[in-house]
Amino acid sequence: MIGGLFIYNHKGEVLISRVYRDDIGRNAVDAFRVNVIHARQQVRSPVTNIARTSFFHVKRSNIWLAAVTKQNVNAAMVFEFLYKMCDVMTAYFGKISEENIKNNFVLIYELLDEILDFGYPQNSETGALKTFITQTGIKSQSKEEQSQITSQVTGQIGWRREGIKYRRNELFLDVLESVNLLMSPQGQVLSAHVSGRVVMKSYLSGMPECKFGMNDKIVIDKQGKGGATEEAAGKSDLGGSGGGGGGGKQSIAIDDCTFHQCVRLSKFDAERSISFIPPDGECELMRYRTTKDIILPFRVIPLVREVGRTKLEVKVVIKSNFKPSLLAQKIEVRIPTPLNTSGVQVICMKGKAKYKASENAIVWKIKRMAGMKESQISAEIELLPTNDKKKWARPPISMNFEVPFAPSGLKVRYLKVFEPKLNYSDHDVIKWVRYIGRSGIYETRC
Amino acid sequence: MTDSKYFTTTKKGEIFELKAELNSDKKEKKKEAVKKVIASMTVGKDVSALFPDVVNCMQTDNLELKKLVYLYLMNYAKSQPDMAIMAVNTFVKDCEDPNPLIRALAVRTMGCIRVDKITEYLCEPLRKCLKDEDPYVRKTAAVCVAKLHDINAQLVEDQGFLDTLKDLISDSNPMVVANAVAALSEIAESHPNSNLLDLNPQSINKLLTALNECTEWGQIFILDCLANYTPRDDRESQSICERVTPRLSHANSAVVLSAVKVLMKFMEMLPKDLDYYGTLLKKLAPPLVTLLSAEPELQYVALRNINLIVQKRPEILKHEMKVFFVKYNDPIYVKLEKLDIMIRLASQANIAQVLAELKEYATEVDVDFVRKAVRAIGRCAIKVEQSAERCVSTLLDLIQTKVNYVVQEAIVVIKDIFRKYPNKYESVIATLCENLDSLDEPEARAAMIWIVGEYAERIDNADELLESFLEGFHDESTQVQLQLLTAIVKLFLKKPTETQELVQQVLSLATQDSDNPDLRDRGYIYWRLLSTDPVAAKEVVLAEKPLISEETDLIEPTLLEELICHIGTLASVYHKPPSAFVEGSRGVMHKRLPARTGSGEGTESPDVVNAAAGSAPEAAPSIIPSQGDLLGDLLNLDLAPSTNTVPPPTTSGMQMGGMDFLGGGLDSLLGGDIVGSPAMGAGFGVAPAVMPASLNAPVGGGLGDLFDLGGGVGMPMGAYIPPKTVWLPAMKAKGLEISGTFARRAGVIQMELVLTNKAMSVMTDFAIQFNRNSFGLAPAGPLQVLTPLGPNQTIEVSLPLSTVGPVMKMDPLNNLQVAVKNNIDVFYFSCQYPISMLFVEDGKMERQVFLATWKDIPNDNESQFQIKDCHLNSDAASNKLQGSNIFTIAKRTVEGQDMLYMSIKLSNGIWVLAELKVQAGNPNYTISLKCRAPEVSQCVFQCYEAVLKN
């Protein structure tokens with residue numbers, strides 16, 4: 001198991017050092033600094049073995065988190081734990097920075113004591129932790145409160161405490177998708193996938209039992225065959241708001257999905273129904289991935305011509321491909337330029353374009369663009385003559401944008417809430433759904 | 001609220017000031033001071049001098065302060081054991097606190113204080129906490145048992161904590177179960193043969209129930225533990241798989257990977273024609289692909305594992321090529337791993353896409369990545385024949401870029417393509433030759449020279465090209481020198497008239513001016529071949545080459561199986577068994593996949609194996625280790641790089657092909673007349689000029705008979721010693737014959753060797769080494785051959801062996817691969833040792849223990865054999881067996897049938913229990929063997945037979 005955990009600043013100074021196992025000595029701290037942080041060459045693996053000791057590291061801004069072990073530990077678990085550790089710290093004190101870590105080092109030690117025992121990760125749900133690791137000194141808890149805390153920390157529903165009350169029961173669903181594309185210069189899709197997340201913010205009283213439904217092909221087909229009645233009670237208030245660009249797609253094929261630990265996986269496996277008791281506040285309910293019938297919101301058509309050895313002509317056309325009534329926002333096209341660029345002249349029809357020498361790219365920004373439109377940029381790039389034999393690698397043209405629909409075509413059909421003990425029903429809950437599609441790695445080779 | 005100020009104090013006299021503050025009356029000030037102490041501790045300052053003052057702050061009702069003091073204690077208690085005792089009282093008191101959080105904190109911290117005196121005080125509070133009413137305390141106490149075990153294992157056993165811990169597996173709280181499982185798994189790891197984690201269908205069921213309810217981390221502990229279980233049959237295996245598959249949708253990648261591990265392992269037991277088997281295969285692909293959208297570090301772990309999974313079961317991901325395409329912004333470690341998997345998945349169906357991608361990658365920036373991409377293009381050509389032409393043209397395009405490392409890499413792979421498709425793409429040679437000057441890496445130079453030599457007849461100026469290399473001959477690396485030598489000899493054999501001068505030049509460079517023995521030897525051999533029999537030389541040097549295999553870098557199957565059992569762990573990231581990077585006893589246990597059980601065969605019917613037919617009942621044939629492994633493992637024995645000089649042989653059948661050829665060549669050379677050039681006299685100065693014509697004639701047989709005699713006379717009532725057999729015939733070892741046997745004398749295992757020199761030269765400098773084997777046999781000392789072994793001399797050596805060497809399961813189990821070195825060469829042979837020499841003297845079990853153990857071992861582990869034609873009565877048999885450390889514990893007579901109960905202990909601590917049925921008048925005995933490691937049964941049975949019949 002994890003033998004120790006260190007946090008360093010960018011210079012390699014130790015900010016936090018907690019050793020859990022006897023086989024990890026103080027010199028381990030230095031070994032990592034010397035061999036990884038101060039290494040001459042760029043680190044080539046997130047796992048490093050130095051003198052039979054294995055170091056796992058992740059970096060957040062310029063802070064290094066390193067877990068150390070001498071055993072054959074579960075490597076995936078160690079990384080998951082390090083990410084979780086980052087989440088917990090962010091939830092407690094915001095951004096992970098040297099200043100914040102120094103300001104909260106007592107808290108961090110307290111957390112590390114709680115969520116890692118003898119190197120074994122323990123309950124690390126922020127909701128539960130915040131009930132008893134408070135940094136405000138000890139509260140005089142009553143006996144009931146104490147046992148409530150311990151049963152929550154160890155219990156089956158570790159992510160939610162009893163006795164939550166709201167005057168207004170509300171929930172917000174955000175369908176956040178990032179659409180990824182790799183396209184050849186000829187416009188052929190080399191690979192495309194959407195990785196989406198359903199983020200749920202709930203303000204519900206008691207221990208509400210929830211059921212979530214979407215236009216999953218497998219479920220819809222099953223219902224169609226059985227001739228079952230549309231069970232989506234909440235359909236009216238949720239269904240219509242999606243309105244994607246691709247027209248009337250009824251159901252989508254989901255390649256794979258993973259769920260927050262509150263979702264009953266065995267039930268999903270057996271019936272493909274998503275039921276759960278949500279944590280209070282925000283949580284990422286599910287992640288999914290689709291590869292079929294993706295609506296690609298933009299098409300990039302590049303044209304690069306080398307005029308002699310010292311000049312390059314670039315023309316890029318972008319076309320928006322969704323309903324004309326919808327607006328895409330925060331559009332940014334990044335056209336890479338060779339390292340030996342000496343000057344650039346740009347003309348664009350819409351938005352603003354600038355050559356950024358420090359980034360070796362022309363950045364073209366458009367605030368808003370409606371569907372089914374087209375825009376163009378052309379640039380002349382002057383090159384310094386070089387005797388460098390190596391050709392310019394021509395990095396792909398990348399794009400950023402945000403659209404108000406789900407490029408996968410996913411739609412929320414219902415989210416039903418049952419709370420048998422308290423007297424509010426599904427109809428009393430106010431529900432909101434929002435779809436946002438963003439660019440992930442959206443690249444066109446040129 | 002800002003604590004960062006505590007990091008800034010660096011003035012002198014700091015310790016003194018802190019001391020004053022720690023003893024202050026004001027609570028706030030105290031707390032501030034402790035915080036400063038912890039901050040100093042973190043940055044590595046020694047604040048141990050403050051120990052008593054900090055400990056004084058321990059008795060407080062402020063939980064935050066208490067935790068800080070505990071943190072300090074954990075760090076410094078070990079250096080101040082006497083002072084640490086001061087803290088014990090508070091701990092014991094806190095363990096009784098009404099607040100469960102404080103009880104748990106106390107027991108958690110006490111376990112981390114590694115001071116013997118404190119551990120004694122820990123026992124009572126721990127016992128209470130293990131049975132605490134609050135689950136939070138129980139789950140903390142469960143881990144504390146593992147901590148205590150790490151400090152003092154004996155104490156934990158004596159106090160009975162292990163049983164309490166086992167009980168916690170049935171706890172009502174899932175987190176307590178998970179922590180108990182984690183603690184037990186860890187403790188069990190340091191006792192490989194204990195039955196601590198008694199996994200049986202009932203306990204498995206409990207674990208599977210807890211799996212649904214506990215935290216993500218708990219699920220990982222449980223899944224990792226489940227992976228150690230071996231289901232009894234395919235039905236049980238399927239039902240466990242069904243209950244594990246839902247975990248594949250968990251958001252935590254580690255849960256997913258651990259579930260994949262369980263499924264991959266248990267799948268081995270499912271019959272392939274089962275519908276469920278296909279369903280399961282389909283279910284595995286999507287979660288594996290999803291792992292690739294995780295954070296880059298996890299992607300890396302996932303990719304390393306996918307690399308293993310693709311090798312074991314290529315069908316799972318064969319349609320998912322696209323997801324392994326490299327993204328521009330992927331970290332380099334992700335890129336390199338993806339590329340590896342792309343090559344493995346390349347097939348006729350997707351080759352066009354793959355090639356287009358690879359070509360794209362070859363223009364990237366990172367040198368390693370580009371090289372790997374170029375190499376990958378070559379691999380594609382070799383793997384998918386239809387694509388070869390396109391690959392070659394792609395490579396040519398890349399050569400045109402003139403980027404130095406791209407060109408070199410391309411030439412190396414084109415050489416392999418030529419090997420795979422001879423006489424097909426030679427038209428490109430001209431282009432390759434243009435780049436001759438830019439090659440500066442040995443591998444690329446060697447490849448280019450090989451190409452020139454191989455196709456010398458088509459290259460008009462081959463002699464010029466090779467001559468140009470010759471100028472700087474002595475500055476080249478060995479690899480290039482050897483290749484150049486061979487290439488010029490090839491050229492000479494193809495165009496003898498024009499190149500005589502060149503060949504003489506290179507031969508004299510190699511034989512006279514070089515210090516490298518490999519180069520010299522090869523030079524002499526060529527020289528002699530050419531001067532005595534040019535026809536033979538042609539046959540040897542221009543022989544048809546074996547085909548090269550399609551896949552490279554495949555992990556050896558046994559290692560792959562082991563790594564599959566370690567999916568998700570560091571071993572799977574390093575692609576090394578845990579024993580390679582973990583110290584001490586942990587992880588030395590080798591895991592393996594379960595065997596497939598036939599669904600048709602009833603497992604209930606006892607397998608009565610007929611002794612006559614059952615001499616080799618195990619289906620798996622004994623595998624001759626491929627040259628690769630043997631070489632790899634024995635490389636320590638200073639094998640010079642010469643073995644793979646001529647185009648590297650890749651087929652496994654070619655064991656020592658090169659060497660045999662060399663050996664044969666030498667012998668016949670020596671036998672023949674030595675006339676050659678004067679240089680030869682120097683080379684073979686040691687060898688006498690005259691030698692008897694017959695080298696390998698009947699001498700061997702005669703000696704063999706003699707040895708048999710010697711073996712028979714052995715110790716009459718002692719341990720059984722098999723007769724000596726010839727392990728290494730003289731023909732195969734340049735005149736060295738080795739025969740021998742194994743014996744156990746006074747508790748020491750000995751390998752008794754007879755070395756005979758049947759060659760004409762004196763042999764010296766003997767050394768011996770073993771390959772890794774099932775029981776870790778290794779020489780306990782050097783091979784003692786003090787005097788040089790003259791021609792026709794024989795020497796008997798006995799080599800004491802230990803059983804602490806590296807372990808690797810062999811097939812058959814008692815197979816031993818040996819390398820013997822002398823001044824002439826290194827020779828390899830493999831032999832089988834009787835497992836009886838591993839039976840230790842204290843193998844007599846108590847009756848009670850025997851009874852309990854017999855019941856405890858599941859019936860599946862029992863195997864029955866028959867020993868035919870044995871005419872001993874039961875007492876005589878018992879006596880005879882005792883001599884070989886097979887102890888009779890009890891004897892029972894039922895209806896004229898004697899039942900002997902016996903126990904055996906192997907050197908690695910494995911117990912084998914036996915029941916021998918002897919019926920008066922019936923020469924056939926029946927024997928049942930029970931063991932927790934049923935693999936050894938077959939070998940043990942063979943020993944019984946050998947001992948009883950001897």
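Note that the structure is a prediction, hence the values are computed from the model and not measured. Residue numbers start from 1 in every chain, and the chains themselves are labelled A, B, ... in the order their sequence lines are given, proteins ahead of strands.
Comparing B:E297, B:M175, B:K322 by heavy-atom pairs within less than 4.5 Å of chain A, the highest count is held by B:E297. Counting heavy-atom pairs closer than 4.5 Å to chain A, the top-ranked of the candidates B:T245, B:N329, B:V301 is B:V301. Among A:R44, A:E99, A:E98, the residue making the largest number of heavy-atom pairs under 4.5 Å with chain B is A:R44. Top candidate by heavy-atom pairs under 4.5 Å with chain A, chosen from B:S258, B:A251, B:A104, B:A183, is B:A251. When each of B:V34, B:N75, B:V176, B:D134 is scored by its heavy-atom pairs under 4.5 Å with chain A, the top score falls to B:D134. By number of non-hydrogen pairs under 4.5 angstrom with chain B, the leading residue of A:E114, A:E284, A:Q122, A:R264 is A:Q122. Among the candidates A:S266, A:S17, A:S195, the residue making the largest number of heavy-atom pairs closer than 4.5 Å to chain B is A:S266. Most heavy-atom pairs under 4.5 Å with chain B: of the set A:M286, A:E13, A:R26, this distinction falls to A:R26. Across A:L182, A:D22, A:D255, the residue that shares the most heavy-atom pairs under 4.5 angstrom with chain B is A:D22. Highest contact tally toward chain A, considering only B:A254, B:A146, B:A302, B:S249, is held by B:S249 [criterion: heavy-atom pairs under 4.5 Å]. Highest contact tally toward chain A, considering only B:R243, B:E360, B:K66, is held by B:E360 [criterion: heavy-atom pairs under 4.5 Å]. The candidate from A:D23, A:I441, A:N49 with the greatest count of non-hydrogen atom pairs under 4.5 Å with chain B is A:N49.
With a 4.5 angstrom heavy-atom cutoff, A:Y288 does not touch chain B via any of its atoms. For A:F118, the parts lying near chain B are the backbone and the side chain together; criterion is any non-hydrogen pair under 4.5 Å. Within the 4.5 angstrom heavy-atom criterion, no atom of B:I567 approaches chain A. Contact annotation for B:K147: both backbone and side-chain heavy atoms come within less than 4.5 Å of a heavy atom of chain A. Within the 4.5 angstrom heavy-atom criterion, only side-chain atoms of B:M74, from C-beta onward, approach chain A. Contacts of A:H193 with chain B are made by side-chain atoms alone, with heavy-atom separations under 4.5 Å and no backbone atom involved. Heavy atoms of A:L82 lying under 4.5 Å from chain B are absent altogether. Only the side chain of B:F221 comes within contact range of chain A, judged by heavy atoms closer than 4.5 Å. Using a 4.5 Å cut-off between heavy atoms, B:Q219 makes no contact with chain A at all. Contacts of A:E80 with chain B are made by both backbone and side-chain atoms, with heavy-atom separations under 4.5 Å. Looking at B:I38, both its backbone and its side chain come within 4.5 Å of chain A, counting heavy atoms on both sides. Heavy atoms closer than 4.5 Å to chain A are found in the side chain of B:E133, but not in its backbone. Looking at B:P98, the atoms closer than 4.5 Å to chain A (heavy atoms on both sides) all sit in the backbone: N, CA, C or O. Interface remark: B:A285 contributes no atoms to any contact with chain A (heavy atom separation under 4.5 Å). Looking at A:K84, the atoms closer than 4.5 Å to chain B (heavy atoms on both sides) all sit in the side chain, from C-beta outward. Looking at B:N252, both its backbone and its side chain come within 4.5 Å of chain A, counting heavy atoms on both sides. Residue B:R247 touches chain A through both its backbone and its side chain, counting heavy-atom pairs closer than 4.5 Å. Heavy-atom distances place the side chain of A:T69, and not its backbone, under 4.5 Å from chain B. Heavy atoms of A:N74 lying under 4.5 Å from chain B belong to its backbone as well as its side chain. Contacts between B:V289 and chain A at a heavy-atom distance below 4.5 Å involve backbone atoms as well as side-chain atoms. Contacts of B:L298 with chain A are made by both backbone and side-chain atoms, with heavy-atom separations under 4.5 Å. Using a 4.5 Å cut-off between heavy atoms, B:L291 makes no contact with chain A at all.
You'll find the side chain of A:P121 reaches within 4.5 Å of the side chain of A:L116, heavy atoms only. The closest side-chain heavy-atom distance from B:T109 to B:K67 is not below 4.5 Å. Within the 4.5 Å cutoff, side-chain heavy atoms of B:P296 are placed close to those of B:P331. The closest side-chain heavy-atom distance from A:L15 to A:F105 is not below 4.5 Å.
Remark: the B:E186 side chain and the A:Y120 side chain contain an N/O donor-acceptor pair separated by less than 3.5 Å. For the residue pair B:N404 / B:S438, no side-chain donor-acceptor distance below 3.5 Å is found, with atom types taken as modelled. B:T215 and A:N123 share no side-chain donor-acceptor pair at under 3.5 Å. Defined by atom type and a distance below 3.5 Å, a donor-acceptor pair is present between the side-chain atoms of B:Y361 and B:E357. In summary, the side chains of A:N72 and B:T569 do present a donor paired with an acceptor at a separation below 3.5 Å, with no hydrogens or angles considered. Residues B:E337 and B:Q299 bring no donor and acceptor atom of their side chains to less than 3.5 Å of each other. For B:R108 and B:T140, the side-chain atoms include no donor-acceptor pair closer than 3.5 Å.
Using a 4.0 Å cut-off between charged nitrogen and carboxylate oxygen, B:E64 and B:K27 do not count as a salt-bridge pair. Between A:D113 and A:R18 there is a salt bridge, since at least one side-chain N of the basic residue sits less than 4.0 Å from a carboxylate O of the acidic one. Salt bridge A:R21/B:D150: absent, no basic N to carboxylate O contact under 4.0 Å.
Nearest heavy atom pair, residue B:V370 against residue B:E364, reads CG2-O, 3.3 Å.
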Start with the C-alpha gap between A:T258 and A:R287, add the side-chain angles, then the distance that decides, and say whether side-chain hydrogen bond (donor to acceptor under 3.5 Å, both in side chains) holds.
CA-CA 5 Å; A:T258 59; A:R287 275 179 189 235; 5.3 Å; no
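Contacts of A:F6 classified as ring-ring contact (aromatic ring centres under 6.0 Å, His included), with partners at least two apart in sequence or in another chain: none. A:Y109 meets the ring-ring contact (aromatic ring centres under 6.0 Å, His included) test with no other residue; sequence neighbours excluded.
Of the residues listed (B:D171, B:V145, B:V143), the one engaging B:N179 in a side chain to side chain contact (heavy atoms under 4.5 Å, CB included) is B:V143, and it is the only one.
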